[in-house]
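Everything numeric in this text was worked out from a predicted model, so none of it was measured.
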Amino acid sequence: MEHSHTHAPDTASGVGATPRPLAGVRVLDLSRVLAGPWAGQMLADYGADVLKVERPGAGDDTRTWGPPWWGEGEQRVAAYFVCANRGKRSVAIDIASPEGIEQVQALARDADVLIENYKVGQLAKYGLDAASLRAINPRLIYCSITGYGQNGPLSHKAGYDFAIQAEAGLMSVTGDKGAEPQKVGVAVTDLMTGVYATTAILAALYERQQTGRGRTIDAALFDVQVAMLANQGSNQLIGHTTPTRMGNAHPNIVPYQVFPTRDGHMVLAVGNDGQFARFCEAVGQPTVSSDLRYSTNPARVANRQSLVPMITEWALQRDTAEWVSLLDQSAVPCSPILDITQVMAHPHVAARGMKLESSDASVPPMLANPMLMDGVRPTADLPPPELGADKPVWKTK
């Protein structure tokens, strides 16, 4: 399918030409699995020419992470691979061979960006490390994505999202109180590392317009996860207490959690005192919001133990859909808890153009880039590539 994959997904995201703010930018993607490929896919969506370098015969590990599969026979590829490799061309190169090293060096000479996620020091053996390649191309922005960064006591370790959700604190605040710590249902540390890496790459591209020089970017999953502790990290640094697992409750806001309804569950996310007053009014309990124990958020946090059972009792009196409708009219944040099949069938997903579906049967359905530029989603015009489907040459600028 070398160039049956040149069909753009049909999008319903608005009018006007697809945004290509990175047209002419060349990205050499030596990464695999999720964090690096996610960054490469984002750059491809923004219009960059992304060449994905893969191991001959095997390719990116995620090609075989099925079922489910897209395609048939030898051409089949796991749905996992599809999620992170839109917009790329694939070249099969053995970087451990002299010929392969020469090919990557030649591509790097004319590249703007290189993304890799090999273990620390591994690419130096082949002369493909940042120092070697920036010596032959000083304009190169070289982004290394690793588990723990290029230095420090853990830098030798391989980086797995699950392990880092554990070691960098996320699992300690995820899950029910007193129960087993939980990871998040998608690899959020990988995904956020890909997003952070992309922002650093874009900042470096902007700076290079003035300086003419590239940058070496050290992106570590561990560092990203520590940064992602956000308010929980700040709570510890300033409050000097250790945040704990609270299930779906919030350490700083009440009521902000899951409540049982007559037919299931809902999320009630009251973010300020005005919303709480409107909530009590809608429920027919206006005196509760004027009670000094509950009238302000700090008071509600202090009196969580008496307020939450009261709200639970109210919540059980209506079905989830009734609550969503009633509280929406009162501008009180409340949501049903949908499964992923329900999300994919949601009218808002359709209205926002978040599913990419093509009339070309060779193009898999995909989730769109979540940004809109002048009302149009930046979407790469190539679906995920077949392994080694392309030649190791850049498109002309």
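Neither side chain, E116 nor S31, offers a donor N or O lying under 3.5 Å from an acceptor on the other. Side-chain N/O atoms of Q41 and D45 include no donor and acceptor closer than 3.5 Å. Between S172 and R245, the side chains place no donor N or O within less than 3.5 Å of an acceptor N or O (distance only, hydrogens not considered). Judged purely by distance below 3.5 Å, without hydrogens or angles, the side chains of S358 and D360 never pair a donor atom with an acceptor atom. With 3.5 Å as the limit, one finds no donor-acceptor pair spanning the side chains of N117 and T146. Remark: the S295 side chain and the S290 side chain contain no N/O donor-acceptor pair separated by less than 3.5 Å.
Between the CZ atom of R86 and the CG atom of L367 there is a distance of 8.0 Å, given to the nearest 0.5 Å.
R32 forms a cation-pi arrangement with Y118, by the criterion of a distance under 6.0 Å to the ring centre and an angle within 45° of the ring axis. In this structure, R20 fails the cation-pi test against Y46, since its NZ or CZ atom is not both closer than 6.0 Å to the six-membered ring centre and inside 45 degrees of the ring normal. Because its NZ or CZ atom is both nearer than 6.0 Å to the ring centre of F81 and within 45° of the ring axis, R63 counts as a cation-pi partner of that residue.
D49 places no side-chain N or O within 3.5 Å of a backbone atom of G24 that could act as its donor or acceptor partner. In this structure a side-chain-to-backbone donor-acceptor pair under 3.5 Å is present from K88 to P37. No donor-acceptor pair under 3.5 Å is formed between the side chain of R208 and the backbone N or O of R213. Not one N or O on the side chain of K355 forms a donor-acceptor pair closer than 3.5 Å with the backbone of A368. Within the 3.5 Å criterion, the main-chain N or O of N297 finds a donor-acceptor partner in the side chain of D273. For the pair D61 (side chain) and V33 (backbone), a donor-acceptor distance under 3.5 Å is absent. No side-chain donor-acceptor contact under 3.5 Å links D319 to the backbone of E322.
For K177, the NZ atom is loosely surrounded, since the number of other residues' heavy atoms within 6.0 Å does not exceed 12. Counting non-hydrogen atoms of other residues, nucleotides and ligands closer than 6.0 Å to CG of L237 gives a total above 12. In this structure, Q209 places its CD atom where more than 12 heavy-atom neighbours from other residues, nucleotides or ligands lie under 6.0 Å away. The number of heavy atoms from other shown groups lying within 6.0 Å of CD (Q305) does not exceed 12.
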Step by step, would you call E167 with K157 a salt bridge (Lys or Arg N to Asp or Glu O under 4.0 Å)? CA-CA 12 Å; E167 197 160 11; K157 290 179 68 171; 3.3 Å; yes

Decide yes or no on side chain to side chain contact (heavy atoms under 4.5 Å, CB included) for N252 and N235, but give the supporting numbers first. CA-CA 9 Å; N252 306 113; N235 287 347; 3.1 Å; yes

Tell me, with the steps shown, if Y126 and S132 meet side chain to side chain donor-acceptor pair (under 3.5 Å). CA-CA 9 Å; Y126 309 117; S132 303; over 6 Å; no

Salt bridge (Lys or Arg N to Asp or Glu O under 4.0 Å) for K52 and D60? Distances and angles first, verdict last. CA-CA 9 Å; K52 183 177 178 75; D60 190 318; 2.9 Å; yes

Would T174 and Q182 satisfy side chain to side chain donor-acceptor pair (under 3.5 Å), going step by step from the backbone distance to the final call? CA-CA 5 Å; T174 307; Q182 291 289 310; over 6 Å; no

May I have the step-by-step check of side chain to side chain contact (heavy atoms under 4.5 Å, CB included) for T193 and W38, ending in yes or no? CA-CA 9 Å; T193 302; W38 198 253; over 6 Å; no

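Between K391 and V91 there is no side-chain heavy-atom pair separated by less than 4.5 Å. Within the 4.5 Å cutoff, the side chain of C83 has no heavy atoms near those of the M366 side chain. A heavy-atom distance below 4.5 Å is found between the side chains of R89 and K395. A heavy-atom distance below 4.5 Å is found between the side chains of L170 and V188. Residues Q236 and P243 have side chains in contact (heavy-atom distance under 4.5 Å, counting atoms from C-beta outward).
Using a 30° and 60° split on the angle between ring planes, F276 and F279 fall in the tilted class, from 30° to 60°. Between Y256 and H250, the ring planes lie perpendicular to each other; the angle is over 60°, past the 30° to 60° tilted range.
Linking Ile, Leu, Val, Met, Phe, Trp and Tyr residues whenever their side-chain heavy atoms come within less than 4.5 Å leaves F162 and V184 in two separate clusters. Linking Ile, Leu, Val, Met, Phe, Trp and Tyr residues whenever their side-chain heavy atoms come within less than 4.5 Å places L34 and V186 in a single cluster. Side-chain heavy atoms closer than 4.5 Å link hydrophobic residues (I, L, V, M, F, W, Y) into clusters, and following such links, even through other members, never connects L43 to L372.
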